[in-house]
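Everything below concerns the one structure shown next.
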Amino acid sequence: MIKSIVIIGAGLAGATAARALRAQGYQGRIHLVGEELHAAYDRPCLSKGALTGTIAEPPMILDADWYVSADIDLYTGTRVISIDGDNRQVHFEFGEILNYDRLLLATGANARRLAITGSDLAGIFTLRSRNDSQVLKQSLGLGRSLVIIGGGLIGCEVATTAIKAGVNVTILEAGDELLLRVLGRRTGSWCRNELERSGVRIELNTQVSHFEGEGHVKAVVCADGRRIEADTVLVSIGSEPADELARSAGILCARGVVVDATGASSCPGVFAAGDVAAWPVESGPPRSLETYLNSVMQAETVATAMLGTATPAVQVSTSWTEIAGHRIQMIGNIEGPGEIVLRGSFDNGQPLVLFRVFDGRVEAATAINTPKDFSIATRMLANRTPVSTEELQDVSHNLRSLLKPEVMTLV
Ligand code: NAD
């Protein structure tokens, strides 16, 4: 009988798992342990409203009252320093020990850093926590100069926010396009144009050599010798799964804790979910999905598996972003095999959907400013709906009707 579940990491995945365990009727102890001083809060606003101040505090994932009413032992500002998988124990920083029947690793990920000269100067930031967002916010004012290193999701979202606040923004991207990891080349290129139109300066194929300044950063120097003045620098060059605890406990890791499609790791009784988990995906080796929605799905799957009724859930990456005033939603790998079918055009400012179609089925989709079409595309993926290029492209043809069985037979 399961009497004690310990969850390390009190962020989105940890809190979601705790809620799912209670929702499924588990009545034993739940110890939810987090390093941050706050219980789980919403991170998507950290690069948007929380940075401009339109959102005073990031919303909490669960009300403070919920933890009390659900009888959760919540430890904030608390570090676990090791896991003893043989004896099913976790050890805390100050010597306490907790026994577990099931353990969930939901430790998330850390921002990658640049190990170059000047990295320790004041004014150079990463963005992961609410504290990071608060500190960065104080450095962004009218007429200030922000250099963003890395043109991925954080870089482009912060650029969007900062340019609106009257900051001079430059993005330095090492690759030959922005946002390649999540949006692929066509949408990445369109986002670059949109950001440039809003006033953001963008330099592709650019490596940073070092930072200049005395005490505080003054400039970013590129490998080709260019020098870009900056009073604030944001390093947003990706994240690394926070899997140190698992690795030192001998649990199999490969850029994250390697788990099966129920979240079970190589160590009996130990599970992982969220950014720290290298989870089976629809194609390719298991990997950390690094998205909000996948973290929630994984946490719910793990809760079920911990209680003995596992329902394996191979993940399809799904997320959203807001860049240069556009809401972009994506599901699946848009750069995979097959053809890209456009419903709409990048050129006319109207809503647009890109579908990746392979073997008559939608395998991935990106929707720009059209949440309704995105939800239909998501259902097409889930249902493996047969589709034709002509119908997908035809904006006069209602997309929803393609889901109907009578239309499907015509395809
Ligand atoms: P990212 O992977 O989205 O982008 C990193 C970018 O940095 C890439 O374009 C990469 O080519 C570039 N890069 C890498 N090394 C570089 C270097 N040395 N110099 C210049 N460019 C370099 O990662 P991120 O934007 O840092 O975001 C971190 C994490 O936060 C990710 O897990 C991301 O999914 C998550 N996040 C998600 C959202 C969202 O879903 N909307 C928003 C913000 C953050």
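Excluded from the calculations below are hydrogen atoms, water molecules and symmetry mates; all remaining heavy atoms, backbone and side chain alike, are included. Because the structure is a prediction, the values reported are computed rather than measured. For ligands, and for the atoms within them, numbers begin at 1 and follow the listed sequence.
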- Residues at least two apart in sequence or cross-chain that pass side-chain contact (heavy atoms from CB on, under 4.5 Å) with Glu300, listed by chain then number, are Thr16, Ala20, Val296
- Message: Determine whether the aromatic ring centres of residues Phe374 and Trp320 are separated by less than 6.0 angstrom.
- Response: no
- Item | Pairs flagged by side-chain hydrogen bond (donor to acceptor under 3.5 Å, both in side chains) wherever residues 344-363 is involved - sequence neighbours left out | Glu363-Arg384
- Other residues, nucleotides, ligands: >12 heavy atoms within 6.0 Å of Lys218 NZ: no
- Please check if any side-chain donor atom of Thr160 sits under 3.5 Å from a side-chain acceptor atom of Glu322, or the reverse. no
- Message: Could you work out, with salt bridge (charged side-chain N to carboxylate O under 4.0 Å, His left out) as the rule, every residue matching Arg19, not counting sequence neighbours?
- Response: none
- Message: Distance under 4.0 Å, heavy atoms only, partner ligand 1: which residues pass?
- Response: Arg112, Leu114, Arg128, Ile149, Gly150, Gly151, Gly152, Leu153, Ile154, Glu157, Leu172, Glu173, Ala174, Arg181, Ser236, Ile237, Gly238, Ser239, Glu290, Trp320, Thr321
